[in-house]
Peer 1: 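Pasting in a structure now, in structure tokens, and then I'll have a few things to ask.
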Protein chains: 2
Amino acid sequence: MTTAPQRRRRYRDETIEDILRIAREMMRKEGVAALSFNAIARTLGMQPPSLYNYFDSKNAIYDELFRRGFQDFARQMAERSGQDGPPGENMRSAMETYMRFAQENQDLYQLMFQRPVPDFVPSEASMAVSLGALQAAQMQFVNALHSEDLDIEIPVEQALDLFIAFQHGLTELHLANNPELPVGEGRFGKLIPAAVQMILDAWQKV
Amino acid sequence: MTTAPQRRRRYRDETIEDILRIAREMMRKEGVAALSFNAIARTLGMQPPSLYNYFDSKNAIYDELFRRGFQDFARQMAERSGQDGPPGENMRSAMETYMRFAQENQDLYQLMFQRPVPDFVPSEASMAVSLGALQAAQMQFVNALHSEDLDIEIPVEQALDLFIAFQHGLTELHLANNPELPVGEGRFGKLIPAAVQMILDAWQKV
DNA sequence: GTCTATAACGCGATAGAC
DNA sequence: GTCTATCGCGTTATAGAC
């Protein structure tokens, strides 16, 4: 794919990064479940068994990508600090960050939030990372909701779940319909402002 | 799985139904992508190559399930006629029908609305069925929106897409969190009334 | 010890001859 | 319907090279 099919005797960590990079390329081009352990080896100029020096199994590669995906996700959600601003600004920013991560990392997003590989089960360590990241993201959404000074008649957890579902649905449909378009464009990618407005209209103090 | 592993000399159509039934069982138990052509044959008491007398390939089985899935989906959405009622009743009914189909046919739903098998591409005939079904479902949602006599400030197509995204997000998250619970129960499965209320609050005439 | 190779196993989908 | 065979897959065992 990217690396010349010649033998390589480099540093271990670099090889590991190469493997993960090639794996992501393949997942993007052929689909997450179409990742081939053998093909990664061949792309690196190795015989398939040699790849076992770097990863114990094909699922170990999935696992590392899963773990790193949630780390990146948590980092990006955290960097988008909850700056105040006009009504809805904080919600809009949170939704956009979520959708942008999905659009720019469609391979990881599938692996993280869907379950396209039946026999891949994340390791306990990776599951812990993912739970932490999801909780951190949830706090971002809680803050985004609170900062809007809303008047919600239902339990706050339900309001949060409605927000999450709305955002998740927009994201999934954007990826299904216009995966190549950035957030803000495309049939569903452009609807975040309208969704925020709808939430404000429904819940804003009167 | 269900059928005894004995030879069978029955009618062709019955065998085809058996194959599809067994395939659905496997997809439900092991995941859509884990369907095994060989295992279907063995369950039927056949040698794998014999199965080619009924389906040209493994993907042909997927294709038939995909096509039938959209037929059932369209039928169920159509049967839920747009009866009038209290505000929100029609929207609630449409959302529930959609989510119920997904919950009761999780194997088909994955095959139809996600793309868990990278090298399965629906045939043109099946794609036509799916497009027709999706358009019919869309009309149901349009009717549900119109029957509510709403005051929407955005283009009606955008309102429709927001509705679809909301519903899709709730459904996906219900299946991810409480796949065993029927519509109406579970963290997200119980939120349809709240979602409808939110839509009414945002869009209802004042 | 670390990296590589070759050989081989069991499984999958599938094609062809009977 | 069968049996045989091909090919690719993930994986293991084993042995040689740095």
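Chain letters run A, B, ... following the sequence lines, proteins first and then strands; every chain starts at 1.
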Peer 1: Using a strict threshold of under 4.0 Å (side-chain N to carboxylate O), is an ion pair present between A/Arg21 and A/Glu17?
Peer 2: no
Peer 1: Is it true that B/Glu79 and B/Arg75 have a side-chain N and a carboxylate O under 4.0 angstrom from each other?
Peer 2: no
Peer 1: Answer yes or no: does a side-chain N or O of A/Ser50 lie under 4.0 Å from OP1 or OP2 of C/dA5?
Peer 2: yes
Peer 1: Got a list of protein N/O to nucleotides 11-13 of chain C N/O distances below 3.5 Å?
Peer 2:
from, atom 1, to, atom 2, distance (Å)
C/dG12, OP2, B/Arg42, NH1, 3.4
C/dA13, OP1, B/Phe37, N, 2.5
C/dA13, OP2, B/Phe37, N, 3.3
C/dA13, OP2, B/Asn38, N, 2.6
C/dA13, OP2, B/Asn38, OD1, 2.8

Peer 1: Under 30°, 30 to 60°, or over 60°: which ring-plane class applies to A/Phe166 and B/Phe166, parallel, tilted or perpendicular?
Peer 2: parallel
Peer 1: Check whether B/Lys58 reaches the backbone of B/Phe120 with its side chain - one donor and one acceptor, N or O, closer than 3.5 Å.
Peer 2: no
Peer 1: Tell me the interatomic distance from A/Asp119, atom CG, to D/dG10, atom C1', rounded to whole angstroms.
Peer 2: 10 Å
Peer 1: What is the separation between atom OH on A/Tyr11 and atom P on C/dC3, rounded to the nearest whole Å?
Peer 2: 12 Å
Peer 1: Working to the nearest 0.5 angstrom, can you tell me the gap between B/Arg24 CZ and B/Ile61 CD1?
Peer 2: 14.0 Å
Peer 1: Reading DNA chain D 5' to 3', what string of ( ), [ ], | and . shows its pairs, if Watson-Crick and G-U wobble pairs count only when both distances fall under 3.5 Å?
Peer 2: ||||||||||||||||.|
Peer 1: Rounding to a whole Å, what distance do you find between A/Gln47:CD and D/dG8:P?
Peer 2: 14 Å
Peer 1: For the pair made of CE in B/Met46 and P in C/dT14, what is the distance, rounded to whole Å?
Peer 2: 16 Å
Peer 1: Taking A/Asn178 for its side chain and A/Gly189 for its backbone only, find out whether a donor-acceptor pair lies under 3.5 Å.
Peer 2: no
Peer 1: With a 4.0 Å cutoff (strictly under), does any side-chain N or O of A/Arg12 reach OP1 or OP2 of C/dC3?
Peer 2: yes
Peer 1: For B/Arg80, is there an ion pair with B/Glu89 - N to carboxylate O distance below 4.0 angstrom?
Peer 2: no
Peer 1: Whole-Å distance between D/dT2 P and B/Leu44 CG?
Peer 2: 11 Å
Peer 1: In whole Å, I'd like the distance from the CG atom of B/Asn53 to the C1' atom of C/dA15.
Peer 2: 13 Å
Peer 1: Is there a donor-acceptor pair under 3.5 Å between the side chain of B/Thr43 and the backbone N or O of B/Ala39?
Peer 2: yes
Peer 1: Could you check whether B/Glu64 pairs with B/Arg67 (Lys NZ or Arg NE/NH1/NH2 to Asp/Glu carboxylate O, under 4.0 Å)?
Peer 2: yes
Peer 1: Within this structure, what is the CD1-to-C1' distance between A/Ile16 and C/dT2, rounded to whole angstrom?
Peer 2: 13 Å
Peer 1: How long is the line joining CD1 of A/Ile61 and P of D/dC9, in whole Å?
Peer 2: 14 Å
